[in-house]
Amino acid sequence: MAKCDLTIRGGTIVTATDRFVADIGIRDGVIVEISESITDTSEVIDATGLHVLPGGIDAHVHLDQPTSDGTKMADDFATGTLSAAAGGNTTVLPFAMQVKGTSLRQCVEDYHRKAEGKCFTDVSFHLVISDPTPFVLGQELPALVRDGYTSFKVFMTYDDLVLNDQELLEVFDVARQEEALVMVHAEGNDAIKFMTQKLESEGHNAPYYHAEAHSQIAEREATHRAISHAQLTDVPVVIVHVSGRDPMEQIQWARRRGMKVFAETCPQYIALTKEDLKGLNMDFQGAKYVCSPPPRDTDSQNAIWEGLSDGTFDLFSSDHCPFYFDAPNETGKNNNRARTSFKWVPNGIPGVETRLPILFSEGVSKGRISIERFVALTSSNPARLYGLYPKKGTLTIGSDADITLWDDCREVTIRQDDLHHGSDYTPYEGMVVKGWPVRTILRGKTIMVEGKVSDEKATGQHLRRGKSELGYSKK
Ligand code: DUC
Ligand code: ZN
Ligand code: ZN
C-alpha cells in the first residue's frame with residue numbers, strides 16, 4: 001500500500017449501516033484505506049473520541065437567487081457555502097431557477113458564473129422549471145439532464161412559478177423519458193390565494209397569518225395531486241419540505257401502492273411551530289419565521305419524528321433560503337410592503353449551518369433516531385437519490401474524502417454572532433444543542449476547524465451527477 005497523504009486516526013467511523021473504530025487513509029483526496037492502524041502517512045489528524053461521518057450533503061439550499069419584489073437573498077455562493085462548511089457539510093445542492101420567458105440553458109450558465117471560484121463546498125445544481133415551453137421540454141431539459149443536471153423542481157404555488165396540471169404532467173413525462181427526478185413544492189395555489197384574501201378582508205395581516213393561509217390542507221391536497229400525476233406518468237417524485245402528518249399520509253398511501261414517492265423534511269418542522277410566527281408579539285419579529293410550507297404545531301412535530309424514524313422520510317435538508325430581517329432600501333423581510341400584509345413577506349429562513357446540529361441533538365442525543373439513520377438522512381440518502389453515490393455520501397475505499405469530525409458531547413447555544421451565513425438573524429437563536437461538527441474535510445483538505453473556515457482559496461467544485469439510483473435502477 002502506497003503512503004497516505006493524510007490519516008484520520010482512531011475515531012468511530014459511522015455510515016448509514018455501520019459503526020466501528022478504525023483509521024481512514026487518504027491519498028489525492030480519495031479514501032484509499034480503512035483499517036485498524038495506518039502508519040505509512042505524511043499527516044495525521046487525531047479523531048480519538050470523535051465520530052467520523054461522511055460530510056453532510058444538504059440537498060436543498062437557495063443561494064443568490066434573484067427575487068421578483070426587490071428583496072434580496074442574504075447569501076451568495078461564497079457566504080452560503082462557507083456557512084455550509086461551518087455546519088459540517090461538504091456538498092450542497094442549490095437551485096438554478098428559470099425565470100419565465102428565459103432559456104433554461106442560459107439560466108444554468110448564469111448560476112455557474114455566480115458560483116465560479118466562490119464555493120467552499122462542492123456544489124451541484126437542481127433546475128427549477130417555471131416555463132415549460134415546447135423548446136424547454138423538447139430540447140433544453142433533455143440535453144441538460146444528459147449533461148448531469150439530473151433533478152428538477154416544479155412549483156404548485158407562487159404566481160410567477162406555478163405550473164398548471166397539464167404543465168406538471170408534461171414535465172413529469174420528460175422526467176420519465178430522461179430518467180430524471182422531479183422535486184415538487186406541493187402547496188395548492190388557489191387554496192392559498194383564497195385563504196389569503198379571506199384573512200386580509202378580516203384584517204388579519206400579521207406574519208402569523210401566513211401559517212393560516214398556507215394550511216396543511218392545501219399542502220395535503222397538492223401532495224395528493226402531485227402523487228396522482230406521478231402515478232399517471234409512471235415517474236418517481238420527491239415531495240420536498242413536508243411539514244406534517246397530512247401530507248405524510250398521502251406519501252405513505254402512495255408507497256403502499258408501490259409507487260416511488262420520496263420525502264424530505266427540514267429543521268423548521270421539528271424545531272419551530274406556527275406560534276413562532278407571532279414573534280413573541282414583538283414588532284414584526286414573526287416575519288423571521290415565515291417560510292413555506294410554514295412550521296405547524298407540536299402534533300405535526302411528533303408526526304415528523306415518526307416519519308424520520310420509520311423511513312417515511314428519506315431526506316433531511318435545510319431548505320436554506322436566507323433573507324435579511326433588517327436591510328437597507330426595503331430589501332429585507334422587515335420592509336414597508338411586507339408590514340401591510342403577510343403575503344409580501346419573503347418566504348424562507350436560513351438554516352444550512354444549523355441543520356446537522358439540530359437533527360443530531362433533537363434526534364440522536366435525545367434517543368429518537370440512531371446515528372446511522374442520522375447519516376442516512378443527511379448524507380447517504382441525498383447522495384443516492386440525487387446521483388452522487390458512492391463518490392459522495394459514504395466512507396468507503398474510492399469515495400471522495402469528504403469527512404466531518406463530530407463531537408457528540410459538545411453543547412453549543414446557537415447564536416447569530418457565531419454563524420457564518422449572510423442573514424442578520426437565525427430562527428434558532430438561543431437553542432441549546434448537544435453534538436457539533438468540529439472539523440470539515442473536503443476531498444482530503446480541511447475546510448473548517450473549530451468554527452474557523454479555512455481562509456485558503458475556495459476549492460469547491462461543480463459535480464456532474466448521474467441518475468438517481470433509488471428512483472431508477474443504475475445504468
Ligand atoms: N420553497 C422553497 O423550497 N424554499 C423557500 C421558499 C419556498 O417556497
Ligand atoms: Zn419549495
Ligand atoms: Zn426551498
Side-chain angles (χ1 to χ4, degrees), residues 51 53-63 74-75 79-95 120-123 240-243 263-272 289 291 295 301 304-305 307-308 313-322 348-366 368-369 371 373-383 385-386 392-393 402 404-408 410 412-416 418-423 425-429 431-438 440 447-448 451 453:
H51 283 117
L53 311 178
I57 300 178
D58 195 336
H60 186 154
V61 305
H62 302 263
L63 300 175
D75 276 316
T79 57
T81 57
L82 187 113
S83 179
N89 300 285
T90 48
T91 297
V92 299
L93 277 67
F95 294 88
F120 287 85
T121 63
D122 283 353
V123 167
V240 295
H241 45 49
V242 173
S243 73
E264 173 199 77
T265 193
C266 314
Q268 50 268 39
Y269 308 121
I270 56 170
L272 303 175
Y289 306 88
C291 59
Q301 290 184 342
I304 299 288
W305 280 114
L308 285 166
F313 290 110
D314 305 286
L315 306 169
F316 188 85
S317 315
S318 68
D319 195 3
H320 178 79
C321 187
I349 59 175
V352 72
E353 194 166 343
T354 44
R355 170 185 78 122
L356 294 174
I358 288 174
L359 184 65
F360 190 94
S361 182
E362 293 296 308
V364 182
S365 299
K366 293 192 176 169
R368 290 168 162 137
I369 57 171
I371 191 167
R373 180 96 184 109
F374 170 81
V375 169
L377 286 160
T378 57
S379 182
S380 307
N381 288 353
L385 198 59
Y386 293 120
K392 305 289 189 186
D402 291 357
T404 299
L405 300 189
W406 193 273
D407 183 348
D408 61 345
R410 177 90 53 104
V412 173
T413 303
I414 295 176
R415 299 267 181 233
Q416 165 64 13
D418 301 326
L419 299 178
H420 299 74
H421 61 203
S423 294
Y425 77 100
T426 166
Y428 307 108
E429 184 74 35
M431 183 175 180
V432 179
V433 289
K434 188 172 177 209
W436 196 256
V438 293
T440 311
I447 55 171
M448 182 282 288
V453 175

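Along the sequence shown, the residues carry numbers beginning at 1.
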Any side-chain heavy atom of [X] sitting closer than 4.5 Å to one from [Y]?
X: Thr378; Y: Ile57; answer: no
X: Phe316; Y: Pro382; answer: no
X: Pro357; Y: Pro437; answer: yes

Apply side-chain hydrogen bond (donor to acceptor under 3.5 Å, both in side chains) to [X] and list each qualifying residue two or more places apart in sequence or on a separate chain.
X: Gln416; answer: His421
X: Asp314; answer: Arg255
X: Ser317; answer: Glu264
X: Ser365; answer: none

Test Leu53 against every option in Leu405, Ile371, Leu356 by the side chain to side chain contact (heavy atoms under 4.5 Å, CB included) rule and name the one that passes.
Ile371
Residue list, side-chain contact (heavy atoms from CB on, under 4.5 Å) with Arg410, at least two apart or on another chain:
Asp407, Val412, Trp436, Val438, Glu450
side-chain contact (heavy atoms from CB on, under 4.5 Å) against Thr81, all qualifying residues, sequence neighbours excluded:
Leu63, Val92, Cys119, Phe120, Thr121, Val123
I need the minimum non-hydrogen distance between [X] and [Y], along with the two atoms involved.
X: Gly393; Y: Pro54; value: C-CB, 3.9 Å
X: Gly56; Y: Thr404; value: N-OG1, 3.9 Å
X: Asn381; Y: Arg373; value: ND2-NH1, 4.3 Å
X: Ala271; Y: Tyr428; value: CB-CE2, 3.8 Å
X: Lys392; Y: Ala383; value: O-CB, 3.3 Å
X: Val61; Y: Ser318; value: CG1-OG, 3.7 Å

Point-to-point distance, once rounded to the nearest 0.5 Å, from [atom1] of [X] to [atom2] of [Y]:
X: Leu377; Y: Thr265; atom1: CG; atom2: OG1; result: 10.0 Å
X: Ile270; Y: Trp305; atom1: CD1; atom2: CH2; result: 4.0 Å
X: Ile414; Y: Leu419; atom1: CD1; atom2: CG; result: 7.0 Å
X: Thr354; Y: Ile349; atom1: OG1; atom2: CD1; result: 8.0 Å
X: Thr90; Y: Met448; atom1: OG1; atom2: CE; result: 11.0 Å

Relative to each other, are the rings of Phe360 and Phe374 parallel, tilted or perpendicular (30° and 60° limits)?
perpendicular
Which class fits the ring pair His241 and His60: parallel under 30°, tilted 30 to 60°, perpendicular over 60°?
tilted
Quick one: does any side-chain atom of [X] pair with a main-chain N or O of [Y] as donor and acceptor, under 3.5 Å?
X: Ser379; Y: Gly55; value: yes
X: Asp319; Y: Cys266; value: no
X: Gln268; Y: Tyr289; value: no
X: Asn89; Y: Ala84; value: yes
X: Thr440; Y: Ala85; value: yes
X: Ser83; Y: Thr79; value: no

Does the side chain to side chain contact (heavy atoms under 4.5 Å, CB included) test come out yes or no for Leu308 and Tyr269, once each step is laid out?
CA-CA 11 Å; Leu308 285 166; Tyr269 308 121; over 6 Å; no
Evaluate the side chain to side chain contact (heavy atoms under 4.5 Å, CB included) criterion for residues Gln301 and Ile304: first the C-alpha distance (whole Å), next the side-chain angles of each, then the deciding distance (0.1 Å), finally the verdict.
CA-CA 5 Å; Gln301 290 184 342; Ile304 299 288; 5.6 Å; no
Side-chain donor-acceptor contact under 3.5 Å, His320 with Asp75:
yes
Ion pair Lys434/Asp408, N-O distance below 4.0 Å
no
Stepwise salt bridge (charged side-chain N to carboxylate O under 4.0 Å, His left out) test for Asp58 and Arg355:
CA-CA 8 Å; Asp58 195 336; Arg355 170 185 78 122; 3.7 Å; yes
